[in-house]
Undergrad: 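If you scroll down you'll find the structure; I have some questions about it.
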Amino acid sequence: MKYLEGLNDAQRRAVLAIEGPISVLAGAGSGKTRVLTTRIYHLIREGVPAHEILAVTFTNKAAREMRERVRRMLSVEHEASQNRRRPAMHSEVPFIATFHGLGRELLESYGRVMSIPRFFSVYDRDDSEKALAAALKALDVESKELSPRAVLGRISRAKGEGMRASEFYEKFSRGSFAARIAAEAWLRYEKTLAAEKALDFDDLIALPVRMLEEHDDVRALAQSRWRYIHIDEYQDTNVLQERLAGLLAEKHTNLFVVGDGDQAIYGWRGAKMENILNFEKRYPAAQTIILEHNYRSTKNLVDAANAIIEKNKNRKEKYSTTKNAKGEPIIVHAALNAEDEARWIAAKIRALMRSSTKPEDVAILFRTNFQSRALEEGLLRAGVPYKLLGTHFFARKEVKDVLAWIRLAMDPSREVDKMRAAASPPRGIGRVTLGKLAAGQRDVLRAGERAKVAQFEQIIEELAQVANNLSPSEFVKLVVEKSGMRTTLLEGSEDDRERFENVEELASVAARHDQTLGKEGIAAFLADAALASDQDELDRGDKRGVTLMTVHAAKGLEFETVFVGGMEEGLFPHEGMGGDTNRDEEEERRLFYVAMTRAKKRLYLTLARIRKIYGSDFLSEPSSFLADIDPSLMLYDETQPYEIIEA
């Protein structure tokens with residue numbers, strides 16, 4: 001079978017193992033995505049209908065890449081079948097989505113048993129924080145006492161463990177100030193979500209689990225729908241995600257999970273590495289297959305990464321190997337301060353660019369967000385193009401304005417969207433007027449106010465009427481036109497015209513769902529917009545330039561050249577994270593392992609001898625991680641930025 005050619009023995013065993021629970025421990029760069037997609041293709045070749053196959057991962061980017069790979073494999077087979085004049089394989093692609101996308105699908109398909117509307121909206125983090133800010137304000141709590149983000153984090157962790165608002169209140173209403181206020185705020189937050197017919201990120205997992213556990217008929221339908229289930233990055237699943245996978249696989253037990261405990265870096269947000277470490281305990285009949293061959297990195301990099309991760313105790317034994325060339329040594333540079341570190345990195349990148357390295361093949365990773373300021377300034381001064389991950393396209397005002405209009409057309413009763421849409425662009429309708437409408441006091445409005453409201457509502461009604469007849473991209477364009485945003489932005493300042501380009505890009509994003517006309521396609525587009533992650537920014541707009549991001553955001557990516565800044569004790573490994581010290585230390589080591597294994601050819605580790613933190617200078621010690629790497633694999637570079645530029 002030609003599609004199995006090029007797979008190593010372990011990969012081939014994983015692809016051909018069809019029945020029962022299977023755990024694949026996949027080291028960095030070991031070709032896990034190829035294994036997943038080839039296995040899905042193999043199942044279809046063996047006669048399994050595509051619609052009975054489910055694959056779940058953690059980012060929209062990963063899901064799209066997996067979907068495209070499977071689609072290409074099926075297309076090649078289809079063409080070959082046509083040429084041989086024999087019946088072609090079914091070209092349907094299995095359901096491949098993120099966990100949140102799966103949750104949305106389950107709720108849209110079966111949520112009526114829990115009184116969930118067919119077209120619900122999804123609150124993104126910004127929406128949730130604003131709703132909680134309002135709840136805290138109603139409780140007379142200032143944000144400096146307790147921030148909405150902190151409360152949302154607490155609620156999110158509780159939801160991830162399967163707790164309901166009422167249970168949380170019962171447990172913590174007499175607890176500490178922070179716990180008590182979080183309990184009160186959560187109850188108010190749930191009322192806001194219900195009034196807006198909305199769910200938040202965590203509901204997209206918690207509610208499907210509750211639905212499957214409480215409704216036997218729905219569980220039976222879902223289990224019959226997908227006979228073969230694949231879960232990527234299984235070490236990143238939390239309690240509820242693991243339960244969701246188990247519920248769906250309960251009938252057929254064909255659960256294929258891929259992951260790497262050595263890359264478990266999300267414990268702080270509820271991920272349970274034990275889900276993959278203890279997979280055989282949960283499923284005693286499970287096969288375990290280990291992928292240890294690294295196809296990505298040079299031998300020097302693989303050996304150094306092994307030296308880092310093998311110090312951890314809580315892991316399954318695994319040792320990466322490679323047939324790649326030895327490669328360049330890891331370059332270590334100690335700068336005077338953060339600004340000097342940034343200048344050195346920028347100078348090195350300039351030198352690499354002169355020797356034909358493309359800036360988009362370079363990434364600068366950092367442990368904490370505050371490091372990005374000096375790095376950005378260094379790149380700007382050196383004239384090195386860059387993009388900073390973390391500035392969400394869907395968080396931009398003009399994009400959120402259009403999305404509010406779209407959601408309002410889908411359901412005119414959403415008060416939060418109504419307030420936003422009425423002000424974007426401005427049309428003389430204030431919050432007081434909208435408040436009177438919400439309170440049923442239309443008759444107290446002045447004639448001029450009633451006329452403006454009537455015109456606004458007429459636009460929404462017209463949009464709602466045509467929503468079922470247009471593709472998502474056509475509908476976005478119509479919303480921009482009918483709302484008046486097109487005219488306002490194009491006739492505004494230079495900044496406004498740049499904002500219009502973002503609005504145009506939104507139509508391009510919506511086009512991904514154009515194969516589904518009407519409200520179904522529009523709802524799918526809205527859900528994708530709400531669930532977008534940092535990595536989705538890499539697939540949008542100008543892809544040129546060096547990528548700056550945290551190590552957490554770099555998970556799953558790879559680059560020819562990687563710089564890791566801030567290699568100082570206390571910064572990386574990071575201190576002051578709270579909780580169990582040993583656990584934190586091991587997670588920090590896993591995080592550094594992830595950073596190292598993003599590099600294919602070159603790895604630079606930099607540090608500052610003096611680091612300014614909270615306005616004060618601190619003398620830094622080199623990271624203890626550096627001492628764990630064989631000195632023969634590293635080269636200390638003491639050249640200064642001006643020396644690099646002159647060379």
Side-chain angles (χ1 to χ4, degrees), residues 7-27 30-32 35-36 38-40 42-43 46 48 52-58 94 99 102 106 160-162 205 208-214 216 218-264 266-267 270-292 309 312-319 583 586 590:
L7 297 176
N8 63 39
D9 289 343
Q11 290 175 328
R12 188 183 294 252
R13 277 190 288 120
V15 168
L16 297 179
I18 291 180
E19 301 297 329
I22 298 157
S23 168
V24 178
L25 302 181
S30 62
K32 70 177 179 66
V35 167
L36 272 167
T38 306
R39 184 179 193 268
I40 291 169
H42 176 67
L43 286 169
E46 291 294 300
V48 177
E52 294 184 358
I53 300 171
L54 169 68
V56 186
T57 186
F58 275 84
F99 262 106
L102 169 62
L106 288 167
E161 294 171 0
I205 309 298
V209 168
R210 194 178 305 163
M211 179 174 68
L212 294 177
E213 289 180 338
E214 295 176 357
D216 295 347
V218 173
R219 185 168 68 254
L221 284 171
Q223 289 173 350
S224 298
R225 180 175 176 180
W226 294 304
R227 285 197 298 137
Y228 292 89
I229 298 169
H230 304 74
I231 311 291
D232 190 18
E233 304 286 9
Y234 200 65
Q235 78 281 348
D236 293 336
T237 54
N238 62 21
V239 171
L240 279 188
Q241 288 162 340
E242 194 260 356
R243 267 165 64 186
L244 179 58
L247 285 164
L248 292 175
E250 190 175 49
K251 180 178 180 180
H252 301 289
T253 70
N254 296 321
L255 179 60
F256 185 90
V257 306
V258 182
D260 182 9
D262 292 337
Q263 297 185 67
Y266 296 117
K272 298 293 182 184
M273 181 176 65
E274 293 75 18
N275 290 344
I276 194 158
L277 296 184
N278 299 330
F279 187 79
E280 293 88 345
K281 292 181 182 177
R282 169 82 188 267
Y283 302 96
Q287 298 181 56
T288 298
I289 300 168
I290 302 177
L291 306 183
E292 294 180 298
I309 202 61
N312 274 0
K313 301 289 189 296
N314 187 27
R315 65 186 293 261
K316 287 198 172 184
E317 194 62 36
K318 177 167 52 64
Y319 191 85
R583 182 200 63 201
E586 292 217 344
R590 292 193 294 270

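Any value given below was found using the heavy atoms of this structure, including those in side chains, with hydrogens, waters and symmetry copies removed.
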Undergrad: Minimum heavy-atom separation for Ala285 to Pro21, with atom names?
TA: C-CG, 4.1 Å
Undergrad: Could you tell me whether the side chain of Arg227 and the main chain of Leu54 form a donor-acceptor pair under 3.5 Å?
TA: no
Undergrad: Assess whether side chain to side chain contact (heavy atoms under 4.5 Å, CB included) is satisfied between Leu212 and Leu248, documenting all intermediate values.
TA: CA-CA 8 Å; Leu212 294 177; Leu248 292 175; 3.9 Å; yes
Undergrad: Should Glu46 and Ile18 count as side-chain neighbours, where that means a heavy-atom distance under 4.5 Å?
TA: yes
Undergrad: When rounded to the nearest 0.5 angstrom, what is the spacing between CG in Asn275 and OG in Ser23?
TA: 11.0 Å
Undergrad: Tell me if the aromatic rings of Tyr228 and Phe256 count as close, with their centers under 6.0 Å from one another.
TA: no
Undergrad: Could you tell me which non-hydrogen atom of Ala10 sits nearest to which non-hydrogen atom of Ile290, and how far apart they are?
TA: CB-O, 3.5 Å
Undergrad: Measuring from atom OH of Tyr234 to atom CG of Leu277, what distance do you get when rounded to the nearest 0.5 angstrom?
TA: 11.5 Å
Undergrad: Using only heavy-atom distances, determine whether the side chains of Ser30 and Glu292 contain a donor-acceptor pair under 3.5 Å.
TA: no
Undergrad: Rounded to the nearest 0.5 Å, what separates atom CD in Gln287 from atom CZ in Phe279?
TA: 10.5 Å
Undergrad: I'd like to know if the side chain of Gln241 reaches the main chain of Asn238, judged simply by a donor and an acceptor atom lying under 3.5 Å from each other, with no hydrogens or angles considered.
TA: yes
Undergrad: As a quick check of understanding, evaluate side chain to side chain contact (heavy atoms under 4.5 Å, CB included) for Glu161 and Leu240, giving each step before the final call.
TA: CA-CA 6 Å; Glu161 294 171 0; Leu240 279 188; over 6 Å; no
Undergrad: Given side chains that start at C-beta, do those of Leu25 and Val258 come closer than 4.5 Å, heavy atoms only?
TA: no
Undergrad: Quick one: CD1 on Ile53 to CD1 on Ile229, what's the gap to the nearest 0.5 Å?
TA: 11.5 Å
Undergrad: Closest approach of Ile22 and Glu19, non-hydrogen atoms and distance?
TA: CD1-O, 4.1 Å
Undergrad: Within the side chain of Glu586, is there an N or O that forms a donor-acceptor pair under 3.5 Å with the backbone of Asn314?
TA: yes
Undergrad: For the residue pair Glu52 and Arg225, establish whether any side-chain heavy-atom pair is separated by less than 4.5 Å.
TA: no
Undergrad: I'd like to check Leu102 versus Trp226 (side-chain heavy atoms, cut-off strictly below 4.5 Å). Are they in contact?
TA: yes
Undergrad: Quick one, Leu43 and His230 - any side-chain contact, counting heavy atoms below 4.5 Å?
TA: yes
Undergrad: Let me know which of Val24, Ile289, Val35 forms a side chain to side chain contact (heavy atoms under 4.5 Å, CB included) with Gln11.
TA: Val35
Undergrad: Step by step, would you call Asp232 with Val56 a side chain to side chain contact (heavy atoms under 4.5 Å, CB included)?
TA: CA-CA 6 Å; Asp232 190 18; Val56 186; over 6 Å; no
Undergrad: Would you say Leu247 and Arg219 make side-chain contact, with heavy atoms under 4.5 Å?
TA: yes
Undergrad: Could you tell me whether the side chain of Val239 reaches within less than 4.5 Å of the side chain of Lys272, counting heavy atoms only?
TA: yes
Undergrad: Listing request: all side-chain hydrogen bond (donor to acceptor under 3.5 Å, both in side chains) pairs with a residue in residues 253-262, at least two apart in sequence or in separate chains.
TA: Asp260-Gln263, Asp260-Lys318, Asp262-Arg315, Asp262-Lys318
Undergrad: Does the pair Arg282/Glu242 count as a salt bridge with the N-to-O cut at 4.0 Å?
TA: yes
Undergrad: Which heavy atom of Gln235 sits nearest a heavy atom of Ile276, and at what distance?
TA: CB-CG2, 3.9 Å
Undergrad: Are Glu280 and Lys316 within salt-bridge range, i.e. N to O under 4.0 Å?
TA: yes
Undergrad: Looking only at non-hydrogen atoms, find the nearest pair between Asp216 and Glu213 and report the distance.
TA: OD1-O, 4.5 Å
Undergrad: I need the Glu274 CD to Thr237 OG1 distance, nearest 0.5 Å.
TA: 10.0 Å
Undergrad: Any idea which heavy atoms bring Gly246 and Tyr283 closest together, and the distance?
TA: CA-OH, 3.5 Å
Undergrad: Working to the nearest 0.5 Å, report the span between NE2 of His42 and CG of Leu16.
TA: 5.0 Å
